[in-house]
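Both counts, for ligands and for their atoms, begin at 1 and track the order of listing. Hydrogens, waters and symmetry mates are skipped; everything else that's a heavy atom, side chains included, is used.
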Amino acid sequence: MSNSQQTTTQTTVQTVTGPIDVNDLGRTLMHEHLFVTYPGAESDTLNKPMNHAERLDVCVDKIEQMKAHGVNSMLDPCPNDLGRDVGLMTEVASRTGFNIICATGLYKEDQGGGAYWKFRAELGGSPDDITEMYVKELTEGIGDTGVRAGIIKVATGQPAISEYEHMLLLAAAAASVETGAPITTHTDTGVLGDQQQRILTEAGVPAHRIIIGHSCGSDDFGYHMGLVEGGSYLGFDRFGIAILQPDELRVASLLRLLEAGCASRVVISHDSVWCWGGSPIPDPEAVAAMLEVWTPTHFIERIVPMLKEGGATDEQISMMLNENPRRFFSGEALPALG
Ligand SMILES: [Zn+2]
């Protein structure tokens, strides 16, 4: 049923402030962002950016709110080309005593830094150079920061995986096979995760080392079960983004998976962004309305009660928030469904 599972397991996970025992992850959100900036934001000269101290304050405040809800750790899977700021992550982690895991990777073609990498490829740049960069960031550190990534990020857009994105999937798979690092993905509105899973596993990545992200963007039970049968984790990681999908639909989809015995296959998050480069959401009122629920404590505050109302147990919720992130990073085999 599932693809061949690696027998080797990892006892530690790399955070921005150093390796920690996987058993110390505790309650973990698997997809939140301290800071995101789209390529091109630097051209928006009408925007007044927050300074570093302001960003630091916002991020520390969010982390303190998460800690107050029993959260110990998070993954910020910002790819290299969306303004990933490991200096900010490190400072926030140090100030709060909170575990932050960062990623290496490149974003999807339509919103990432593809202009640079495609220009470079035209002049002889090779996908192997990208793999080399990922491996260096995973094993030695990002630039000269000494901060190591703990996971590889990949992303695809719509309506199909582009040639550029396919190249990035293979570069990520090669780096994963070489280093044993796991992979987390972006899917647009919960489509093409099945193809991501196939491409990555055919390139040698064990399916249980992959999270198919934004799977809650789909309410197709067959699609979800296909990913489960393929042996990967599903990211229900956009709770609170009402403009993409109402939470009621995400909850209904998740309850169906729990009823089908899939609690061990789901990780939780919000894809919340705490600080932006530029102002990609131009209407301040729209931002304010979104931010009421698009917070990293929304799942625990408002979604858990909805799930319990629908029959989810404390054990299932704890499995998704605690046990699954630990098992995912350890590389342990998946338990049987049910
Ligand atoms: Zn994200």
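- Annotation: the span from C216 atom SG to H224 atom NE2 amounts to 7.5 Å, rounded to 0.5 Å.
- Scanning for side chain to side chain donor-acceptor pair (under 3.5 Å) contacts around D314 gives K308, with sequence neighbours left out.
- T156 places a side-chain heavy atom less than 4.5 Å from the side chain of I161.
- Taking 4.0 Å as the cut-off between side-chain N and carboxylate O, K62 and E32 do not count as a salt-bridged pair.
- Distances under 2.8 Å from the Zn ion (ligand 1) pick out the protein N/O/S atoms H31 NE2, H33 NE2, D271 OD1.
- Residues K67 and E64 are paired through a salt bridge, judged by an N-O separation under 4.0 Å between the basic side chain and the carboxylate.
- F328 approaches I210 most closely through the heavy-atom pair CE1-N, 3.7 Å.
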